[in-house]
Q: 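Dumping the structure here so I can ask a few things about it.
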Amino acid sequence: MNAFKTLDDASLSARRVLVRVDLNVPMEGGAVSDDTRIRAVVPTIREIADKGGRVVLLAHFGRPKDGPEAKFSLAQIVAPLAERVGRPVAFAADCIGPVAADAVAALKDGDILLLENTRFHKGEEKNDPAFVEALAALGDVYVNDAFATAHRAHASTEGLAHQLPAYAGRCMQGEIEALEKALGSPERPVLAVVGGAKVSSKIDLLENLVGKVDILVIGGGMANTFLAAQGIAVGKSLCEHDLAETARRILDKAKTARCDIVLPVDAVVAREFKAGADNEVVPVGAVPADAMILDVGPKSVAAIAARIDGARTLVWNGPLGAFEIEPFDRATVAAARHAAERTRSAGLLTVAGGGDTVAALNHAGVAEAFSYVSTAGGAFLEWLEGKPLPGVEILRK
Ligand code: 3PG
Ligand code: MG
């Protein structure tokens with residue numbers, strides 16, 4: 001972390017500290033259904049408050065298109081946040097202007113205030129200088145703890161760092177450190193497991209990874225595209241036939257970079273996409289014309305486990321099969337549990353991230369057993385693509 005300014009470098013006592021957090025949590029029936037992102041920013045909030053800083057939290061919620069809307073209000077996050085922090089959290093119904101200024105002025109050292117959704121103002125996503133200035137007027141110091149939003153060059157994620165002394169919060173710091181260990185200067189061999197439905201959403205990611213990792217396991221629906229590109233019939237499986245050329249280019253690039261690509265050798269196939277559907281295991285060369293591949297088969301899982309055993313570092317993004325419907329979660333669960341076991345017994349560094357991935361690891365019951373699970377979806381993907389994240393870059397010394 002020597003390259004970044006962190007809370008260790010900041011003077012916080014009696015300062016108004018603008019802290020960008022990611023509170024973009026999923027909701028179900030009016031309640032937070034996964035509080036991972038809230039829990040992730042608690043240490044930063046407490047540390048700043050304990051050091052006598054006046055904590056002013058900035059965050060977005062959802063994607064409001066046209067100004068304030070009740071369903072995108074951060075008011076609904078105040079209570080769950082206060083509960084996790086274990087301290088009172090005040091709320092202001094606007095993030096700039098007199099309402100925000102009065103709420104900030106009322107803060108005493110160690111108090112915590114959450115401001116309303118920054119995306120209720122158009123200037124946020126435009127990174128508009130006037131909006132940045134209106135935010136900056138509320139603080140003396142800026143801390144970014146929102147790694148999950150660091151791929152956005154918005155006013156509260158990037159613009160503010162030009163106006164105020166800027167530091168990484170502890171969640172941001174933890175993410176950067178874990179990612180650096182996994183792909184920046186990793187212990188080799190490095191193994192990447194990439195799954196998910198489509199190659200089209202992960203072309204850049206795959207192209208970047210084949211140049212960085214020693215072994216790349218490809219699973220999920222996207223493996224079908226690679227199999228088909230090599231002339232293997234995949235029946236009715238999800239497959240992007242128009243990306244055959246892209247898939248072959250990635251395979252060629254891997255060969256040049258001496259990255260070993262591991263594709264499934266067997267598959268679990270079914271005639272319908274539904275939980276409990278009749279299914280059978282077939283070699284990948286024998287997928288019936290009327291069947292679809294819904295998971296990688298047991299021989300493939302054994303091969304992945306053997307690769308995990310030989311690795312020192314593992315980066316995981318995306319499920320190996322249709323893990324949301326049983327029994328097509330088997331390969332994902334088995335491989336994830338094997339990785340968790342190697343983390344415990346062999347000191348394998350295991351880093352995972354990206355929306356579905358965390359859900360899959362939770363489903364397998366191993367999220368806690370991995371070395372690090374990122375709070376980020378899109379930002380984690382862009383980082384795997386090798387793209388600089390504006391919210392991170394601006395925090396460099
Ligand atoms: C996320 O959930 O991916 C982040 O909070 C960023 O949200 P966005 O994709 O709407 O910018
Ligand atoms: Mg996103």
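In each ligand, atom 1 is the first atom listed, and ligand 1 is the first ligand listed. Just so you know, residue 1 is the first one in the sequence shown, and it goes up from there.
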Q: Pull out every atom of ligand 1 sitting under 4.0 Å from any heavy atom of Arg119, numbered as shown with elements.
A: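 Within the 4.0 Å cut-off of Arg119, ligand 1 contributes 7 (O), 8 (P), 10 (O), 11 (O).
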
Q: Can you confirm whether more than 12 heavy atoms, excluding those of Arg330, are under 6.0 Å from its CZ atom?
A: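 No, the 6.0 Å shell around CZ holds no more than 12 heavy atoms from other groups.
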
Q: Within the side chain of Ser13, is there an N or O that forms a donor-acceptor pair under 3.5 Å with the backbone of Gly52?
A: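 Side chain of Ser13 to backbone of Gly52: no pair is present.
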
Q: Out of His60, Arg63, Arg37, whose heavy atom is nearest to atom 10 (O) of ligand 1?
A: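 Checking each option, the heavy atom nearest atom 10 (O) of ligand 1 is found in Arg63.
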
Q: Would you mind telling me if ligand 1 is within reach of the side chain of His154, the backbone, both or neither, using heavy atoms under 4.0 Å?
A: neither

Q: Could you tell me which atoms of ligand 1, counted from 1 in the order shown, lie closer than 4.0 angstrom to a heavy atom of Ala148?
A: 4 (C), 6 (C)

Q: Under a plain distance cut-off of 3.5 Å, with no hydrogens placed, do His121 and Asp128 share a side-chain donor-acceptor pair?
A: no

Q: Could you go step by step and tell me if Leu216 and Asp260 meet the side chain to side chain contact (heavy atoms under 4.5 Å, CB included) rule?
A: CA-CA 6 Å; Leu216 173 62; Asp260 239 347; over 6 Å; no

Q: Near Arg152, which atoms of ligand 1 are under 4.0 Å from a heavy atom of that residue?
A: 8 (P), 9 (O), 11 (O)

Q: Which atoms of ligand 1 have any heavy atom of Asp22 under 4.0 Å away?
A: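 The atoms of ligand 1 under 4.0 Å from a heavy atom of Asp22 are 4 (C), 5 (O).
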
Q: We want to know whether Lys202 and Asn317 form a side-chain donor-acceptor pair, criterion being a heavy-atom distance below 3.5 angstrom.
A: yes

